[in-house]
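Below is one structure, written out as structure tokens; comments come after it.
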Number of protein chains: 2
Amino acid sequence: MLKAVKRPKIRDVVALRLKNYIAQEFLQPGDRLPTETELADRFGVNRLSLREATKALEFLGIVDAKPGRGLTVGRIDMQRIVEHLGFHPALHDVEPGELIDTRTVIETGVLPFVARRMRQDPSIHERLTRINADLRRARSLRKFVELDIAFHHELVAASGVTPLMAFSDMLVVFFRRFLESVKKGQWQDGADSHQFIIDALQAGKVAAADKRLRKHIESHRKRIATPK
Amino acid sequence: MLKAVKRPKIRDVVALRLKNYIAQEFLQPGDRLPTETELADRFGVNRLSLREATKALEFLGIVDAKPGRGLTVGRIDMQRIVEHLGFHPALHDVEPGELIDTRTVIETGVLPFVARRMRQDPSIHERLTRINADLRRARSLRKFVELDIAFHHELVAASGVTPLMAFSDMLVVFFRRFLESVKKGQWQDGADSHQFIIDALQAGKVAAADKRLRKHIESHRKRIATPK
DNA sequence: ATTGACAGATTATCAGACAATCTTCGGCGG
DNA sequence: CCGCCGAAGATTGTCTGATAATCTGTCAAT
């Protein structure tokens, strides 16, 4: 099937070129980029068109801009993306069941790594326990959601598999609103599951942790499938 | 601690206002927004400044723009978000070992889903078998890489868990160069593993498929760790 | 050593304009 | 009456030229 031919927008081409430039030069956050005027000359476009690309990248944190100083490489910020997208109506289009499956795959998949690292670094269990204790004391939904997200983030991050951590952080965009429908009477159940999982991991019982984690994440499915 | 006082950028104020407008009007994807000229008038800014805000929002899919038609509320695309994720330092600067761990978690994680769907849809096994047959006949490295990628893509896609598929597709960008270091003498080993895995899945032997897949992906580790 | 002033560099925002693309409407032909 | 084509209208895309705002570095005075 023949697809409609569309002329690419200059700003999209520029944004892609800039990203490639950063990657190919092995630039790190804080490193200087050419000025807007130089880049516009180099790409053969008007400076304002160049800016449309850089402002888009800046929105995600990939690029930073300072008057008088110039452009520097930034650091992409999932939290920022989560905040920007959190309100969006189209989030409802993502299949909730697939989100649950995705979370299950990621979080159960990292458990063996977490258990291994817990043996070497006891502060992991301490940290998770502390977050969970704060979760038990939560009084507002906002706090509950924030701490539940923090617990799961810390769990995945403790694996040391950073791509999975980044992906898991991204999933928060889509998953957050489901957390907001958890009834207050169920918060302690969640905290109990958290504690069971990390205690089992510390004891080297990965299978038990796995089973409990699946049940914990699965608990969302019925609630999500039949919204009120 | 005292924090630096900074004048907010007009584009940031406009972006926030636009997001609030979408939320307050309960707009859905596809719904029309005021034109750039109207919005610029309404916010009392220059149209180009307004565009810096809308292009940033557009980069995330929050807003869509069409010449002659105008601005509409966008549709959040998992693919697009995952694409941006590729720029996260966790991926950008990823350790090869972590990449292997990540792939292992994703691909073994989808196996139960693939097995279940194979029972309902035999064409999955056929499709994977055909790709693998083409892989066996590959004569060039380029072809081998392309077909190996296609096989794994199809395997993950067969799970029906689209977030994992999107993430897995993005990982290919980082993994590809490792595939290019696979010796020609090992291509058939790879194809044998592929066939074993999908045959085991079709027979409902998920554990056997899991074990072979881990070994298959793990085969990259030694080669990657000691490049020539 | 610290503070203040100034110059230079660079981004932020503006006005005005034309180019490119999409949608709608009207007319003509079958 | 219906479908197709072309033109007009609407709107975004990109440009030129310019000034305003902000940051950095240097030098002089205290």
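Below, chains carry the letters A, B, ... as their sequence lines are ordered, and counting in each starts from 1.
Listed in residue order, the members of residues 8-18 of chain B having a heavy atom less than 4.0 Å from DNA chain C are B:K9, B:I10, B:R11.
Here the P atom of nucleotide D:dT14 and the CD atom of B:E58 are 10 Å apart, to the nearest Å. Straight-line distance from the CG atom of B:N46 to the P atom of D:dG17: 17 Å, rounded to whole Å. Note: CD (A:E36) to C1' (D:dG17) measures 16 Å, nearest angstrom. B:R7 places its CZ atom 9 Å from the C1' atom of D:dT22, with the value rounded to the nearest Å. The distance from atom NZ of B:K55 to atom C1' of D:dG13 is 8 Å, rounded to the nearest whole Å.
Judged by atom type and distance alone, B:R47 reaches the base of D:dG13 through a side-chain donor-acceptor pair under 3.5 Å.
Remark: A:R136 pairs with A:D192 by the side chain to side chain donor-acceptor pair (under 3.5 Å) rule, at least two apart or across chains. For the side chain to side chain donor-acceptor pair (under 3.5 Å) test, residues two or more places apart in sequence or in another chain that qualify with A:E83 are A:Q79. Applying the side chain to side chain donor-acceptor pair (under 3.5 Å) criterion to B:D31, with sequence neighbours excluded, gives no partner residue. Among residues two or more places apart in sequence or in another chain, the side chain to side chain donor-acceptor pair (under 3.5 Å) test is passed with A:D148 by A:H194.
Using cut-offs of 30° and 60° on the angle between ring planes, the pair B:F175 and B:H220 is perpendicular.
For the OP1/OP2 pair of C:dC14 and a distance below 4.0 Å, the side-chain nitrogens and oxygens of B:S49 include at least one atom meeting the criterion.
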Each nucleotide N or O in nucleotides 24-27 of chain C that has a protein N or O under 3.5 Å away: list the pair and distance.
none

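Nearest-nucleotide positions on DNA chain D place B:P34 closer to the 5' end than the other of A:V45 and B:P34. Taking the nucleotide of DNA chain D with the nearest heavy atom to each of A:G68 and B:T35, the more 5' of the two is matched to B:T35.
Taking only side-chain atoms of A:P67, from C-beta outward, the nucleotide of D:dA21, D:dG13, C:dT13 with the closest atom is D:dA21.
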